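Notes to accompany the following structure.
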Amino acid sequence: MSDRQDHPDRLTVGVVGTGYVGLTSAACLAHLGHRVTGVDIDARKVAGLCRGEVPIAEPGLDTLVAEGLARGGLAFTTDLRALAESDVVLLCVPTPTGPEGTADLRAYDAAVDSLAPVLAPHCVVAVKSTVPVGTTARTARVLGRPAVSNPEFLREGHAAHDFLHPDRIVVGGTDPSAADRVAALYDGLTAPVVHTDPTSSELAKYASNAFLALKVSYVNVLAELCERLGADIADVAETMRLDPRIGAAFLSPGPGWGGSCLPKDTRALLHTAAEAGVDFAVLAEAVAANRHQHERVVEKVRQAVTGSTEGSLQGSRLGLLGLAFKAGTDDVRDSPALAVAARLAEAGAVLTGYDPGVDRDGFPGGVVQLVDDVTLVAKDAAGLVLLTEWPEFRELDWPHLADLTDHATIVDTRNLLDSATLTRAGFTYFGLGR
Ligand code: UGA
């Protein structure tokens, strides 16, 4: 990462909300040389951040925060009045799903209302939160100043890297000088900048996440078809990947897509389309296919563990490997692993789970007994189910784990493991789509 502390066009930046997007934006913009203040209503979190304690597991973020704090280019507070001198304020508050799939804008609206009396006349507001189409224009009206839509595309687990190496920067504004100021935040990053109107910018964010969801649903259904036809999804997906029009990423089958964004944003886009009178059936089908995928994993486990599609899982001890919604994060929000676990528990299974990234603090509990030692998920298990693609699972002592189980059966919903290695270790191995 380059040292751009002496940024010639250093801006004074306020960041409202210090979640994944807000904290990453604050730390990275400070790294790029801007003078950044992050504001959050959570006093404990702010106190921790002031001491350099980063509450999320994001590679490199703690270093960036420490660097910013040490240099004085980064500060955190609960007091919005600290943003009075800001040239740009980024809104990074959460917009969770509300009733009927609409975005719940209460936190967002509260932040906007609180900012109104604070901001200097020249300050531009940039909307980084994923917000329904029309929200940026409404924000501009409420605040009586230019607002620019500037969606964020970073992935959890790669947040700092993605912020500093974006594929694209989107600046949606009607006021050219406000849009230019927001674009100037990213001077020094090499990425195409899409200048557009706020409506297109807001929609582009939903469109991107929904398309990723669609892609994974497509490959998950294809995997099912492969099983029926005797084809191998790995080879089918590899063939597709080599076509640049399709793209190499997001073609790995799994237990379904999840996380804090794809489920929320597909619901919100479906709602927006319905309100606009557009039948977005292809996206609705992708959402339905995702639910079906959770059920399909349960049926696969039933078949693997009981040897029959009709077998009962009542009282079966199952060990779950991975609970986070994907590898590289401790986040279990809307995790497909938990959706599958809920269905397995409904079928009567008794569940123990291990995840190298998830500890008791971040775990909601419920139907899975969380353990911190992988041997405990294997002990006396009727079967193992791998649900998150942590690379370290490849290195486990599989012969030892096989010995610990009652029945050395494993369903690998991520096709992560080498079936020959597992078979040699004594397991009966089931992947997806092969
Ligand atoms: C997603 C987008 O990828 C980011 O670009 C976006 O900025 C972010 O949402 C957001 O809106 O904030 P993220 O939620 O971190 O990022 O998760 P992804 O990496 O997109 O993964 C989503 C889900 O799809 C995970 O459950 C993952 O395991 C699953 N997936 C992904 C598959 O099952 N197969 C694949 O081939 C790829």
Side-chain angles (χ1 to χ4, degrees), residues 17 19-25 56-59 92-97 103 127-131 150-163 165-170 191 202-223 233-234 236-238 240-241 246-269 286-287 289-290 293-294 296-297 322-340 355 357 386-391 412-416 432-433:
Y20 275 93
V21 170
L23 181 56
T24 306
S25 303
I56 49 175
E58 282 296 337
C92 302
V93 289
T95 53
T97 302
V127 183
K128 259 207 179 298
S129 302
T130 302
V131 290
N150 176 220
E152 181 49 56
F153 298 94
L154 59 82
R155 297 161 299 166
E156 283 188 24
H158 305 265
H161 174 272
D162 286 356
F163 191 98
H165 303 89
D167 299 317
R168 72 289 210 197
I169 291 162
V170 183
E202 289 163 338
L203 186 58
K205 167 69 192 188
Y206 284 111
S208 299
N209 274 359
F211 191 77
L212 294 174
L214 202 74
K215 232 179 148 183
V216 178
S217 276
Y218 184 87
V219 83
N220 282 340
V221 179
L222 259 186
I233 189 65
V236 174
E238 184 58 16
M240 293 168 67
R241 277 194 180 101
I246 296 175
F250 274 70
L251 289 174
S252 302
W257 39 267
S260 64
C261 303
L262 266 49
K264 160 177 85 68
D265 293 350
T266 44
R267 279 193 289 268
L269 184 54
V287 173
N290 202 45
Q293 190 65 7
H294 303 148
R296 207 169 81 80
V297 169
L323 299 163
F325 81 96
K326 63 175 184 178
T329 176
D330 57 356
D331 197 344
V332 293
R333 285 177 292 173
D334 251 319
S335 171
L338 297 189
V340 167
D355 188 297
L386 189 152
L387 291 160
T388 311
E389 73 284 22
W390 288 100
D412 175 3
T413 72
R414 299 279 187 169
N415 289 346
L416 176 82
L432 231 58

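All ligand and atom numbering here is 1-based and tracks the order in the structure. The structure presented is a predicted model; accordingly, all values stated were derived computationally and were not measured. Quick note: numbers below take in every heavy atom, side chains included, and nothing from hydrogens, waters or symmetry partners.
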Atom 9 (O) of ligand 1 [closest protein heavy-atom partner, distance rounded to 0.1 Å]: C261 CB, 3.2 Å
query: Is T95 reaching over with its side chain to a backbone N or O of T130, donor-acceptor style, under 3.5 angstrom?
result: yes
message: Would the distance check show the side chain of T266 and the main-chain N or O of A210 forming a donor-acceptor pair, the cut-off being under 3.5 Å?
response: no
field: Options K264, K128, R333, K326, ranked by nearest heavy atom to atom 18 (P) of ligand 1, top entry
entry: K326
- request: Using atom types as modelled and distance alone, determine if a side-chain donor or acceptor of N415 lies under 3.5 Å from a backbone N or O of L432.
  value: yes
query: Who are the ring pair (Phe, Tyr, Trp, His ring centres under 6.0 Å) partners of F163, not counting sequence neighbours?
result: Y186
message: Show the atoms of ligand 1 that are less than 4.0 angstrom away from any heavy atom in E152.
response: 7 (O)
- prompt: Counting only heavy atoms not in F153, do more than 12 fall under 6.0 Å of its CZ?
  reply: yes
message: Are any of the N/O atoms on P253, whether in the backbone or the side chain, positioned under 3.5 angstrom from an N/O atom of ligand 1?
response: no
message: Return the closest protein heavy atom for atom 5 (O) of ligand 1 as residue, atom name and distance.
response: F153 O, 2.7 Å
field: Beyond-backbone contact of K264 with D334, side-chain heavy atoms, under 4.5 angstrom
entry: no
- prompt: How close does the nearest protein non-hydrogen atom get to atom 1 (C) of ligand 1, and which residue and atom is it?
  reply: L262 CD1, 3.7 Å
- line: atom 15 (O) of ligand 1: closest protein heavy atom, distance to 0.1 Å, is E156 N, 2.7 Å
- prompt: Using heavy atoms and a threshold below 4.0 Å, how should the contact between L212 and ligand 1 be classified: side chain, backbone, both, or neither?
  reply: side chain
field: Side chain to side chain, H294 and P336, heavy atoms closer than 4.5 Å
entry: yes
message: Is S260 close enough to touch ligand 1? Criterion: a residue heavy atom under 4.0 Å from a ligand atom.
response: no
statement: The protein heavy atom nearest to atom 34 (N) of ligand 1 is S252 O, 2.8 Å
- request: Kindly say whether H158 contributes a backbone atom to a donor-acceptor pair with the side chain of E58 at under 3.5 angstrom?
  value: yes
- prompt: How far is atom 16 (O) of ligand 1 from its nearest protein heavy atom, and which residue and atom is that?
  reply: R155 CA, 4.0 Å
message: I'd like to know if the side chain of T388 reaches the main chain of W390, judged simply by a donor and an acceptor atom lying under 3.5 Å from each other, with no hydrogens or angles considered.
response: no
- prompt: Which is closest to atom 23 (C) of ligand 1 in terms of heavy atoms, G258, G259, A237?
  reply: G258
- prompt: Would you say L251 and K215 make side-chain contact, with heavy atoms under 4.5 Å?
  reply: yes
query: Do any heavy atoms of K205 fall under 4.0 Å from ligand 1?
result: yes
message: Does any N or O of ligand 1 fall below 3.5 Å from an N or O anywhere on L154, backbone included?
response: yes
message: Is there a polar contact, in the sense of an N or O pair closer than 3.5 Å, between E389 and ligand 1?
response: no
message: I need the nearest protein heavy-atom contact for atom 24 (O) of ligand 1: residue, atom name and distance, please.
response: W257 CB, 3.4 Å
message: Please list the nearest protein heavy atom to atom 31 (C) of ligand 1 with its residue and the distance rounded to 0.1 Å.
response: F250 CE2, 3.4 Å
- prompt: When you look for heavy atoms under 4.0 Å from ligand 1, do you find them on the side chain of N209, its backbone, both, or neither?
  reply: side chain
message: Does the residue R414 have a heavy-atom contact with ligand 1, meaning some pair of atoms that are separated by less than 4.0 Å?
response: yes
Residue pairs involving residues 150-159 (criterion salt bridge (charged side-chain N to carboxylate O under 4.0 Å, His left out); sequence neighbours excluded): K128-E152, R155-D162, E156-R333
- request: Report yes if V21 has an N/O atom closer than 3.5 Å to an N/O atom of ligand 1; otherwise report no.
  value: no
field: Close side-chain approach of W257 to P263, heavy-atom, < 4.5 Å
entry: yes
query: Side chains of N220 and R296: does their closest heavy-atom pair fall under 4.5 Å?
result: no
- prompt: In terms of atom number and element, which parts of ligand 1 are under 4.0 angstrom from non-hydrogen atoms of L251?
  reply: 36 (O)
